[in-house]
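Working notes, structure below.
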Amino acid sequence: MGKKISSKHDVAGRKLIYQIYPTAIGDLRDIKDALPLIAKLKPDYIWLNPIFVSPWVDGGYDVADYCKIDPRFGTMADFKRLVAEAKKYNIGILLDLVLNHTSNQHPWFQKSIMHDSWYKDYYVWLDKPLNWNSFFGGPAFDYEARRGEYYLHLYDQSQPDLNFKNPRVVHEFKNIIKFWKDQGVAGFRVDSANILTERNLKHGMIPRLSGFFSYYQPKDTVQILDKLLAQEDLFTIAEPVGGNFMSKKTFRGLTQNAFNAAFNIGTLDVADTYMSNKESIRPINYKRWLTKLADWSQESKFSLALESHDTPRAVSRFNANPKALCMLQFCLPGNYPCIYQGQELGTKNAHLSNNIDDYPGVQSRMIYRHLRREGKTKKEAMRIVKHTSRDNARQPIDWGDYLLQSKNPDSVLGFYYQMLEIWRNDPVMAEGKLKVRYIGAQGVMNFNRVLGDRSYFVHIDLTGKTASYLRNDKGEKILQTR
């Protein structure tokens with residue numbers, strides 16, 4: 001187990017993270033060109049979704065070479081120039097590290113198929129399949145005829161699960177982390193961080209609870225992450241699977257040593273799904289969602305995010321005023337908030353196609369297939385897919401709109417600039433305790449932030465029917481949405 005780093009949180013302090021899904025901007029040179037605009041938000045880190053060599057079955061999360069830049073994004077020289085340019089703005093670059101699985105095109109898997117003595121046990125192989133379902137639908141075990149065995153894939157069949165009980169696999173990733181650290185990266189966001197190993201391999205339908213908990217944050221997964229990432233000079237953020245099932249104890253166990261922060265997207269899913277099921281649209285339950293968000297925001301290592309590459313746009317998803325959402329995110333406690341590209345413009349869900357063949361996301365196609373098998377018409381199935389699809393968040397950013405809004409203090413972007421200055425510099429916002437006064441069913445929330453003898457009152461109305469505002473203890477409005 002990695003050594004306990006007591007200063008991991010202290011060194012990092014409060015940090016703002018800005019997430020970029022690269023294909024929505026372009027290649028690495030385009031991202032470099034966008035830095036002057038992004039830098040006005042003063043993020044401490046920019047997190048890039050995967051830019052490694054990949055067949056691109058799952059948006060780059062099927063990695064075929066962890067130490068090479070995919071040509072669609074440019075070259076290693078382009079990446080080094082981006083790192084150097086970001087450093088001029090005091091911004092560190094975080095890479096998305098996919099640990100749970102690789103692409104089936106990765107040389108490790110190809111050699112494992114052929115019983116190569118070194119790579120034979122790099123993946124999870126069984127003589128007989130278990131009855132687990134993958135997160136993307138269908139069986140989680142596929143037969144590989146050349147090997148004569150079944151391999152595990154918790155995600156798409158093109159993404160075989162690595163065997164982290166093999167110390168050689170752990171060593172491979174120690175080298176990968178060192179390689180990128182030597183290229184100047186400031187740290188990593190770790191994908192599916194809490195499911196690297198299984199407690200046992202037995203029957204139990206994943207993601208049904210009996211099977212899921214055979215794979216949900218075993219102790220050796222946490223120990224492996226500590227060994228790989230518990231370094232003081234790397235900023236690390238986890239994306240745990242199964243946020244809806246995550247207790248505070250489990251969250252703290254994951255983040256104690258290896259991570260500065262972690263998302264819990266389950267805090268969003270409680271608003272409009274049952275157990276994170278994206279195959280049905282439920283009316284927004286503001287009270288349940290805001291209560292959950294307020295509770296989790298008080299965790300010191302919780303990264304409060306309202307959208308990401310895996311979610312629809314928050315304005316559309318929650319039928320919410322974008323400035324009110326901004327106040328919600330940055331007036332609640334939070335040391336590591338994350339802004340997803342375009343969120344600061346108030347970007348809504350895209351006008352996606354009515355043809356499922358036009359959707360690049362493997363998850364969107366999986367949801368569509370399930371809905372059709374359940375008897376939904378094409379029109380009914382597409383209505384749900386268009387609303388819930390994460391392809392909504394992966395569309396190109398309108399940089400023309402960005403330029404226009406950056407010059408208008410009354411714009412959504414202008415409001416973000418103002419709110420972030422308060423979040424970054426005001427001691428009450430940095431350290432004040434949260435006291436929730438009211439959470440209503442119609443998207444209204446009132447709370448105080450209290451530090452010593454100072455107190456702020458915050459009124460949030462997500463619907464925009466009334467102005468949201470931040471007021472000091474003298475009754476003066478410091479910031480309001482209109």
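Annotation: Tyr368 is not in aromatic contact with His370 [ring centroid separation under 6.0 Å not met]. In this structure, Trp180 has its ring center under 6.0 Å from that of Phe79. A ring-centre distance under 6.0 Å is not found for Tyr336 and Tyr45.
Annotation for Met114: atom CE does not count as buried by contact number, only 12 or fewer foreign heavy atoms lying within 6.0 Å. In this structure, Lys292 places its NZ atom where only 12 or fewer heavy-atom neighbours from other residues, nucleotides or ligands lie under 6.0 Å away. At most 12 heavy atoms of other shown residues, nucleotides or ligands fall within 6.0 angstrom of atom NZ in Lys219.
Side-chain contact check for Tyr61 and His309: at least one donor-acceptor pair (N or O, by modelled atom type) lies under 3.5 Å. A side-chain N or O of Arg394 and one of Tyr21 form a donor-acceptor pair less than 3.5 Å apart. Defined by atom type and a distance below 3.5 Å, a donor-acceptor pair is present between the side-chain atoms of Asp391 and Ser364. There is no side-chain donor-acceptor pair under 3.5 Å between Asp62 and Trp56. Judged purely by distance below 3.5 Å, without hydrogens or angles, the side chains of Gln343 and Tyr416 pair a donor atom with an acceptor atom. Defined by atom type and a distance below 3.5 Å, a donor-acceptor pair is missing between the side-chain atoms of Asp191 and Asn100. With hydrogens and angles left out, the side-chain atoms of Asp65 and His106 include no donor and acceptor closer than 3.5 Å. For the 3.5 Å distance criterion, the side chains of Gln159 and Asn104 fail to qualify, holding no donor opposite an acceptor. In this structure, a donor-acceptor pair under 3.5 Å is absent between the side chains of His153 and Asp161. For Asp310 and Ser308, the side-chain atoms include no donor-acceptor pair closer than 3.5 Å. Remark: the Trp289 side chain and the Thr267 side chain contain no N/O donor-acceptor pair separated by less than 3.5 Å.
Annotation for Asp156 and Ser158: closest pair OD2-OG, 2.7 Å, computed over non-hydrogen atoms. The heavy-atom pair separating Ser192 from Tyr155 by the smallest distance is OG-OH, 2.6 Å. Closest of all the heavy-atom pairs between Gln395 and Ala350 is CG-CB, 3.5 Å. Minimum interatomic distance between Ser353 and Asp358 (heavy atoms only, all atoms of both residues): OG-OD2, 2.7 Å. Shown here for Val315 and Gly346, the closest heavy-atom pair between the two residues is CG2-O, 4.0 Å. Closest heavy-atom contact between Val362 and Val57: CB-O, 4.1 Å.
Side chains of Phe302 and Asn335 form no contact here, defined as non-hydrogen atoms less than 4.5 Å apart. Annotation: side chain of Glu149 is not in contact with side chain of Lys128 (no heavy-atom distance under 4.5 Å). Arg189 has its side chain out of reach of Leu95: every pair of non-hydrogen atoms, C-beta onward, lies at least 4.5 Å apart. Taking 4.5 Å as the limit, every side-chain heavy atom of His101 sits out of range of all side-chain heavy atoms of Leu154. Between Met429 and Cys331 the shortest side-chain heavy-atom distance falls below 4.5 Å. Inter-residue side-chain proximity for Ile69 and Phe52 is flagged as unmet; no heavy-atom pair is nearer than 4.5 Å. By the 4.5 Å heavy-atom criterion applied to side chains, Ile177 and Leu229 are counted as neighbours. In this structure, Gln329 and Glu307 have side chains that are not in contact, with every pair of non-hydrogen atoms separated by 4.5 Å or more.
Under the 6.0 Å distance and 45° angle rule, Lys248 counts as a cation-pi partner of Trp296. The cationic atom of Arg168 (NZ for Lys, CZ for Arg) does not lie both less than 6.0 Å from the six-membered ring centre of Trp108 and within 45° of the ring axis.
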(request) Would you check, one step at a time, whether the test salt bridge (charged side-chain N to carboxylate O under 4.0 Å, His left out) holds for Asp116 with Lys120? (result) CA-CA 5 Å; Asp116 182 288; Lys120 179 181 177 182; over 6 Å; no

(message) side-chain contact (heavy atoms from CB on, under 4.5 Å) for Ile31 and Leu48? Distances and angles first, verdict last.
(response) CA-CA 10 Å; Ile31 295 171; Leu48 300 178; 4.1 Å; yes

(request) Quick one: do Arg317 and Asp269 satisfy salt bridge (charged side-chain N to carboxylate O under 4.0 Å, His left out)? Show the steps, please. (result) CA-CA 10 Å; Arg317 180 179 189 178; Asp269 289 344; 3.0 Å; yes

(request) Decide side-chain contact (heavy atoms from CB on, under 4.5 Å) for Phe109 and Ser103; before the verdict, give the C-alpha distance in whole Å, the side-chain angles of both, and the deciding distance to 0.1 Å. (result) CA-CA 8 Å; Phe109 189 67; Ser103 165; over 6 Å; no

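A donor-acceptor pair under 3.5 Å links the side-chain atoms of Arg288 to the main chain of Val270, judged by distance alone. No donor-acceptor distance shorter than 3.5 angstrom exists from the side chain of Asn392 to the backbone of Arg313, with no hydrogens or angles considered. Between the side chain of Thr347 and the main chain of Gly342, a donor-acceptor pair closer than 3.5 Å is present. Within the 3.5 Å criterion, the main-chain N or O of Ser247 finds no donor-acceptor partner in the side chain of Arg252. Looking at Thr250, its side chain never comes within 3.5 Å of a backbone N or O of Met246 through a donor-acceptor pair. With hydrogens and angles disregarded, a donor-acceptor distance shorter than 3.5 Å links the side chain of Lys301 to the backbone of Thr255. Without hydrogens or angle criteria, Ser297 side chain to Ala294 main chain gives a donor-acceptor distance under 3.5 Å. Between the side chain of Thr236 and the main chain of Gly187, no donor-acceptor pair closer than 3.5 Å is present. A donor-acceptor pair under 3.5 Å is absent between the side-chain atoms of Glu421 and the main chain of Met419, judged by distance alone. A donor-acceptor pair under 3.5 Å is absent between the side-chain atoms of Lys15 and the main chain of Pro43, judged by distance alone.
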Under 3.5 Å, side-chain donor or acceptor atoms of residues 169-176 against the rest of the protein: list the pairs with distances, not counting sequence neighbours.
unit_1: Glu172; atom_1: OE2; unit_2: Tyr122; atom_2: OH; d: 2.7

Would you give me the side-chain donor-acceptor pairs under 3.5 Å for residues 81-92, sequence neighbours excluded?
unit_1: Arg81; atom_1: NH2; unit_2: Asp78; atom_2: OD1; d: 2.8
unit_1: Glu85; atom_1: OE1; unit_2: Lys88; atom_2: NZ; d: 3.2

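Ring pair Phe141/Trp132 is tilted by interplanar angle, where 30° to 60° counts as tilted. Between Trp125 and Tyr151, the two ring planes are perpendicular [angle over 60°; tilted spans 30° to 60°].
In this structure, CD1 on Ile367 lies 9.0 Å from CD1 on Ile384, to the nearest 0.5 angstrom. Here the straight-line distance linking atom CD1 of Ile46 with atom CD1 of Ile339 works out to 11.0 Å at 0.5 Å rounding. Going from atom CD of Glu344 over to atom CG of Leu420 covers 9.5 Å, rounded to the nearest 0.5 Å. Of the inter-residue distances, the one linking Leu196 atom CG with Phe164 atom CZ reads 5.0 Å to the nearest 0.5 angstrom.
We find that Arg29 and Asp33 are not joined by a salt bridge, their nearest charged nitrogen and carboxylate oxygen being 4.0 Å or further apart.
Tyr402 meets the ring pair (Phe, Tyr, Trp, His ring centres under 6.0 Å) test with Trp399; sequence neighbours excluded.
Applying side-chain contact (heavy atoms from CB on, under 4.5 Å) to Gln223 and the options Thr221, Asp220, Asp226, Leu225 leaves one that passes, Asp220.
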